[in-house]
Each structure stands twice: as structure tokens, then as C-alpha cells.
Amino acid sequence: VSAAQSAVTVYGLMDLGLVHESGGPGGSALKMESGVTAGSRLGFKGNEDLGGGLSAHFQIESGIAADVGGLNQGGLMYGRQAYVGLKGSFGTINLGRQYNPLTNILGTIDPFGEGHEGAATNIVGYASRMNNTIYYTSPSFGGMTADVAYGLGETPGNSSANRQLGLALTYVGGPIYASVLHHRINDATGNNPNKITLIGGTYNFGFATGALSYNVNKDNAGIDSNDTLVGVTIPFGASAVMASYIRHNDKSPLNRDADQFAVGYTYNLSKRTMLYGSYGSINNKNGATFTVGNAIEAGTGDRGLAIGVAHRF
Amino acid sequence: VSAAQSAVTVYGLMDLGLVHESGGPGGSALKMESGVTAGSRLGFKGNEDLGGGLSAHFQIESGIAADVGGLNQGGLMYGRQAYVGLKGSFGTINLGRQYNPLTNILGTIDPFGEGHEGAATNIVGYASRMNNTIYYTSPSFGGMTADVAYGLGETPGNSSANRQLGLALTYVGGPIYASVLHHRINDATGNNPNKITLIGGTYNFGFATGALSYNVNKDNAGIDSNDTLVGVTIPFGASAVMASYIRHNDKSPLNRDADQFAVGYTYNLSKRTMLYGSYGSINNKNGATFTVGNAIEAGTGDRGLAIGVAHRF
Amino acid sequence: VSAAQSAVTVYGLMDLGLVHESGGPGGSALKMESGVTAGSRLGFKGNEDLGGGLSAHFQIESGIAADVGGLNQGGLMYGRQAYVGLKGSFGTINLGRQYNPLTNILGTIDPFGEGHEGAATNIVGYASRMNNTIYYTSPSFGGMTADVAYGLGETPGNSSANRQLGLALTYVGGPIYASVLHHRINDATGNNPNKITLIGGTYNFGFATGALSYNVNKDNAGIDSNDTLVGVTIPFGASAVMASYIRHNDKSPLNRDADQFAVGYTYNLSKRTMLYGSYGSINNKNGATFTVGNAIEAGTGDRGLAIGVAHRF
């Protein structure tokens, strides 16, 4: 039973839902999943004031596969986040395993917050986190901040192999959130970067928040594509309804385009506990293989329906 | 160093003992084991009042193999328990990895609480926990409660494959604890369930508590067997003595019967810390292969002797 | 968010640094490492007063590979420490996975505390921890304490196989810390122990602390060697400078001698947070293969340079 001494906050989230996946090659399945709206987790964090405007902080977060008693993030114990950092008038600098800028920014734009059966990440992007990373965030200048994330490749004799770099410029002010970012991940030879460039944002109209983003991708094989997201969140009382449409435009000769349409609903039992439901559907063209997943599971088919409960602590 | 903010209780148990196993094919061994009387563990749990008689709760529990610095439950990080739930006038409903009803009920009947070198689970039953499980417990009606546990099989295209269902009816009142339960686990084709039906209970005579249970089993191959347990717990001051006899009656032509006899002793240094000792012996007939284990280890032979210390926090 | 009930202290350390390794077969590499000065960790510990001078305690510690979100100690979840114990007028007795006496004592003598790019463990000794261990520490008699650590081999039919035993006698008084220890680890047949015998200590001159140790080794194959360490720590204000020289003398016909020289610097931003830098270099002779590592990483080459930040909580 925990003591009251000083500096560690123990926190987390338990999200368990029933998900019906259909349209996959193996047939339909009803599953219990841990982390439909956001990954179930147990975390530890703290902050120390060092004086003179300087402070130190840390965060350690483990992903919980509560359906089976295991770990998310491919079995990594501290797979969600694990970093230490310093904050001062120069900004914030963190060292360790961290979210990349795309995840932070797309997660803010996406009405589903990269979760539910409508996660933007079903269509857009790549791995959410970076290892061996130095992440710098500037102070806010009139609402504008810059992010620079540099992930070491750690390959002996080839410092550019597997190296990655993310850059973002974000404005927050009044009803507006807007961001432009570029991210690139070198391959194992140090060349042929997988690149993504995104511009997007949200606008709070009061009765609803609209979301819009556009990104262009070039993968390691040099294949071009782009994605367009349009979304909306409508809060009313303790409830909210979300919807989004994402169009993937494959510019290669294979022309493997896809569309995702999703709707969701949340009902807050309290500030910490909510019930939720969502439905997502993907239309894959010319053999595209996108699947409807959520915050944790990649999904197995082109349709997904989820209901569940999420409890923060 | 932990903070005093609100809602998480950190708790656990460290049980380390010296166990002498004998009668096994490889010869005798003296071992240090983590979880003789009950599995060593670190847990996190909490509760939130949602108003109107409704509350939310969660529990996350990791099994500690403190002898070697690893994990129990086959290496699962949160292998003991991981669930979220809601409680109201309708009862309690939990989602996640949980104990099955048999473990909850047999653990209450067994004088050794499914631990020590006399654990009833050396002879009776199967895996203690269920994945992907919806567990409903009714309110108490005059001391009577009902449990329904449903574990999803999650097999695409075959919803009955690997599915399991547990049902129990339990009465608690005055000196009496009594329960009847049925549990069945389908095989990978969705048929040939492994079934167990148990009736049992305890009666507190004041100077001692008597325990009695009887269960019939039918395994996936259709082989019948039954088990009878008779046990007693005698407390005196800070000490207690426990003893049990279990008879396994194999109804197949192989007639692989077995008997287990065990005695144990506990001495409470405080409400949280105890010293313990126990001895168990199994008489295997016609090639039966039961082994004397405890709360965590399956054991290697037909005799086991343990002494140790268990400290709750 | 953690509660204020009683008995568990949550604590830890996050140490992340940039390490440049050179002189290895694969070429140079710049890496982010988790645990340069001391392993990054998350721990839980507590103490219970049992009355009459007796108390119970426990400690559970997980090593964090924060650079990649995983675990140190070869993937063991509770790989740093996991034990329960009792303390009384008789001394302290702990059961579980624990540091061996060599790690405890050499870590006190070594100016680098077995961390930084000058860890004495780059040259001296073996695995830091013992499984299945009963560790007894005597009360202090005029500053003198004795340690006995016994690790069970747990091999059926051969109780001496893989068994280990550590013995130490340590004096602490005024400016003096001095210790003599012997440790032996049997091989899988129960014979040919790997043995180490060490004498060493530190003396606090006020402006600086000097360190000196000498140990003789005999490995499982019967090969003799010895190591000599000379070191110094010079504190000034919030800073400290450390340096050490270690000479490994291989007495086998191969004569694979080696020398390590290392310097380090620490600057305390607070009692809990420090910046650090260190450099170590090894001169391997006749094909010796020692590498410059630190508290966690073994290193890949004969030179290492590190800078970073360590934050305790």
C-alpha cells in the first residue's frame, strides 16, 4: 500500500472493449481488446524544481494487454514511453523512447485521437514511437512552437543507417490548432529515407470542432502516395459524436487507393470514466490491404465495430 | 518516492520459501521458490465513485518470480489479474484477464488456499485464470450470489472454438460457506468441452473450520474422473494448523487413481507477515503422475516439504 | 494517481547518456544508453516493525532500458533485486535474487561505483547478482560486519552443482572502509569452482578519497589471474572528479594482460539530478578482449566516451 513521501505519480488507463471484426480473410471474429480508444497503461512520472527556472522530469509507461495479462507494443515492458528530461527557458529536451512528432500532432488533429475503430493511423503513417531519441521542444513564441526529434541509428561504422529526423512547427491560439511537419527514416544502408510531410489542424467552432489534414508520403522503395483527412467532433453534455473520412491516394502504377469512413460516440460517466462505441469501414481498391484497427490492435478486416469502457486513474 | 494524490493503491506480497522436492524422476532437489503459500506479486488497484450507487474499479497484478528476478504465470507481465469493471445495484461486471469461478471458490474451501505443499490444485482442476473474459457477479440475495464468467475464444469464423463458460451459486451466512459450480472449456474445434462440476463448502465450528468438496470431471477426450477433498483448519493464538486429504478417482480403464495428504502450519508475526511450514505427499497408482506443488510451482516429485516467510504490503 | 495509505515506497533512477564507442571490430558508434553511471530502474520497497526489535522488509527492482522501452538484465522483469527479509538483533537475513557481496563491496571501493565508462567491472569479476540466495549480514561489532551469501544450485540429484558461496568481512570507521571477501561458483558438475578473493578499501583524506583493491581469480578452467585497482575521487562544491587505473594480470601462458585508465566528472544540479561525463580506455595485450562498458552496457570497443543526465526519484 503506497506511501506519501514525495515525487512519483502513479497513473494509468484501463480500456477494455468488445470488437467485432469482419471482412478479413479468416472470417469474422468477436474479440476482447485492451486499448480501443487509447492503449491501456500503467505509468510513473515526476518533476523536480532545480531552481532558476530549470526543472527535471521523467516518465515511464508500460502498455497493458489486459485481455490476456501481457504487454502491448510487441512485448516491450516500458514500450509506451521511457525518458528523462530538462526544462528551462531554452525549452524542453528529453532523452529516451518517445512519441514521434507525427503521433503527437496527428493524434491532436484526428477526431478519434488515433483510437477507436476510426483511428487515422489505420491509413496514415508508421510506428508511433522512436528509440534512442533526443527530442527538443522550443518555448512558445506567440503560440508558435518548434519540435526537433532526432533518433540515433546506433549502427557501428555507419551513423546515418536507420537514423530518423522529425521537424514540426505548430501554432495554438484561440480556436486554432495548426501544424506542419516533416519526418524521415533512413533505411539500414543510411539511404532511401521513408518520408512523410503533413499539414493540418483543427478549428473549434464552439458547437463542433472541425479537423483537416493532408500529407504526402514517399516510402523506402520510392513509391509516392498521399492522404487527406476530414473530420468533426460534436460535444453535447456528457456525450460527444465523432466522424472522419480519410482518402488514401496511391500514386504508384498499382493504384492501391483506399477510403476509410468512421463514426464514434463517447459518454462520460465522470471525468475519468467513459463508455464508448465506434464503427469504421475501409474500401480497399486494386488489392490494397488496409484494415480497420484501433489504438492498439491493427485489425483483421475492412470493418470494425467496438463498444467498451475506459477508466483513467 | 511515491506521492499522495488520489486513486491508486500499490500493494503486494513477497513469499519466499525453501522447498525440498523428492520422489521425482531426476532425484531430490532443494529449491528456493517464490510463492509457496500464495504467489509473490505487485499490484495496482483503485476505485471511483460515479454517484447514484455506481462505481468503477480496476486491478492490475504482476506475478514475481523473486527467486530469479523474473515473472510467474509463464512470463506474463500482468499475468495474475488485469481488469476494469463497473459495480452498481445490478451487481458487478468486470472485463479482462481474471480468476475463473473454480479458482475463487476452491481457494476458499481448500484449507491451504490453493497454496503450501498441500494445494488442492495439485489434484483438482485446471488453469486458474481466463483471458478475454466478461465476469458478472450478482448482488447478494439473503447471502446467495451468482457468478457467470464467459471467456471469448476469439477464433475467426468459429465463435465457439476455445470458448469457456463458468457458472456458480454461492451461499455465505453465519458459519456456512457453500457453493455449487460448473465450468466448461471448448476445444479448438468448438466441441468436446473439458467440464468440471463441483459442490463444496466450509463450516466454522469455532475451534476449527471443516472443509468438504466433491467434483466430477470430463476431459476433452471424454475421460471421467472425480475428486473428494476433506480438510480442516485449527487456529490457536497467532498460529494455525491445516490438514487435508484429497482422493482422485480415475474412472477410465487406466484407473490412475491418486491420494494426497498434507499438513501445514502458519505463525503470524503480524497481520502482514507470517512464517510457515508444510508437507505434502501423493500416492500415485497405476502410473498416475500427480506431483506435489504449491501456489506457483508444479513440483517435480510425490513429496514436498516447505518452510518460508510471506510478507504482505 | 497514487494513494497515501502506508507501506510502499516507489523510487527509481532514470540515467540516459550519449556514448561514443570506438576501437571495436565493427567500427565506431554513437549510442544512447540507459544506465551509464548506474542502471535506470523502477523500484518498490517497504518495511514493517514487528516489535521486539524485529522488522520485516522487501525490495523489488526492475531495470529500465529507457533507450528502447525494454528491460535490462537480459530481459528479466525484476532483474535488479527481488527479496524479502527479516532484521533483528541477530542481523539481517534476506531471501531471493540479490547482489552478491563482490558487487556490494567493489561498488563501494570503485571511484566509478561500477558505472561510467570506467566501471571496475569492465575488468574485474562476474555477474552482479545471485539467484535463489540466502544472504546473511551480521550486526556491526565495533564497525565490523560479516556477510554470508549462499545461492542454491537447485539441480535435482546434485546439490553442489551450480551452487555459489560468498563470504566477506568489512570494517567501516572514521575515514576507513576496508573489506576482504571470497566468492566461489561451482560449475554444472558441482566442481571446478570459479573463485575470486579480494582485499580492498577506501580512505577519506578530506580533500579526496583514495581507493585500492587487489584480487586473485581462478576460473572454471583453472586459469589464474589477478587485478589491481588504484583510484581517487576529488569532490569540489557541486562537482566531483574521479579517476582509476586497473591492471589485469593474466597468469596463463596466453598472458592476455590488460590495463584500463578512466576519468570522470559529475555536476550535481540537485541532490537528485546530476550531469556527468567520463572517458575510459583499455589497452588489451596478446589478444585480450576487454571492452569499455559502463553500469549496463558491456561496450564494443577499447575506448568509450559518455555524457548524460541521471535523475533519482
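To find a chain, count down the sequence lines: A is the first, B the second, and so on, and within it residues start at 1. This one's a predicted model, so the numbers in the text were calculated from it and none came from an experiment. For the numbers below, each heavy atom of this structure counts, side chains included, while hydrogens, waters and symmetry mates do not.
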Grab the two heavy atoms, one from C:Pro156 and one from B:Ala29, that are nearest each other, plus how far apart they are.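 Distance-wise, the nearest heavy atoms are CA-CB, 3.7 Å.
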Select one option (side chain, backbone, both, neither) describing which atoms of B:Ser28 are under 4.5 Å from chain C's heavy atoms.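 Contact with chain C: backbone only.
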Gap separating the CG atom of C:Leu54 from the OG atom of B:Ser270, nearest 0.5 angstrom: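 Nearest 0.5 Å value for the CG-OG distance: 9.5 Å.
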Using the side chain to side chain contact (heavy atoms under 4.5 Å, CB included) rule, take C:Asn94 and B:Leu16 through it: C-alpha gap first, then chi angles, then the decisive distance, then the call. CA-CA 9 Å; C:Asn94 290 337; B:Leu16 282 140; over 6 Å; no
Sort B:Leu13 into side chain, backbone, both or neither according to what part of it lies under 4.5 angstrom from a heavy atom of chain C.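 For B:Leu13, neither part sits under 4.5 Å from chain C.
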Structural part of C:Ile134 lying under 4.5 Å from a heavy atom of chain B: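 For C:Ile134, heavy atoms of backbone and side chain both lie under 4.5 Å from chain B.
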Report the C-alpha distance between B:Val309 and C:Leu95 in whole Å, list the side-chain angles of each, state the deciding distance to 0.1 Å, and finish with yes or no for side chain to side chain contact (heavy atoms under 4.5 Å, CB included). CA-CA 9 Å; B:Val309 58; C:Leu95 305 179; 4.1 Å; yes
Let's test your reading of the structure: which of C:Asn132, C:Val84, C:Leu86, C:Leu152 forms the most heavy-atom pairs below 4.5 Å with chain B?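 The answer is C:Asn132.
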Tell me which of these, B:Gly69, B:Gly17, B:Gly301, B:Gly26, has more heavy-atom pairs under 4.5 Å with chain C than the rest.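 Ranked by heavy-atom pairs under 4.5 Å with chain C, first place is B:Gly69.
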Below 4.5 Å from any heavy atom of chain B, which atoms of C:Thr133 appear? Answer side chain, backbone, both or neither.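 The backbone, not the side chain.
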Provide the closest heavy-atom pair for C:Leu76 versus B:Gly70 in the form atom of the first, atom of the second, distance.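 Looking at all heavy atoms of both residues, the shortest contact is CD2-CA, 3.9 Å.
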Flag yes if more than 12 heavy atoms outside C:Phe90 fall under 6.0 Å of its CZ atom; otherwise flag no.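 Enclosed.
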Portion of C:Thr155 that has a non-hydrogen atom of chain B nearer than 4.5 angstrom: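 Only the backbone of C:Thr155 comes within 4.5 Å of chain B.
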Quick one: does C:Ile60's side chain get under 4.5 Å of B:Met14's, heavy atoms only?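 In contact.
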Could you tell me the separation between the CE atom of C:Met130 and the CG atom of B:Asp67, rounded to the nearest 0.5 Å?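 Reported value, rounded in 0.5 Å steps: 13.5 Å.
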Compare every heavy atom of C:Val8 with every heavy atom of B:Val10, then report the nearest pair and how far apart it is.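 B:Val10 and C:Val8 have their closest heavy atoms at O-CG2, 3.7 Å.
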When rounded to the nearest 0.5 angstrom, what is the spacing between CZ in C:Phe44 and CG in B:Leu42?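 Spacing of CZ (C:Phe44) from CG (B:Leu42) equals 5.0 Å.
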Might you point out which heavy atoms bring B:Ser62 and C:Tyr78 nearest each other, and give the distance in Å?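 Scanning both residues completely, I find the closest heavy atoms to be OG-OH, 2.7 Å.
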Pair C:Met77-B:Leu71, side chain to side chain contact (heavy atoms under 4.5 Å, CB included): steps then yes or no: CA-CA 7 Å; C:Met77 174 59 206; B:Leu71 291 162; 3.7 Å; yes
Side-chain donor/acceptor of C:Glu154 to backbone N/O of B:Met32, under 3.5 Å: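 It does hold such a pair.
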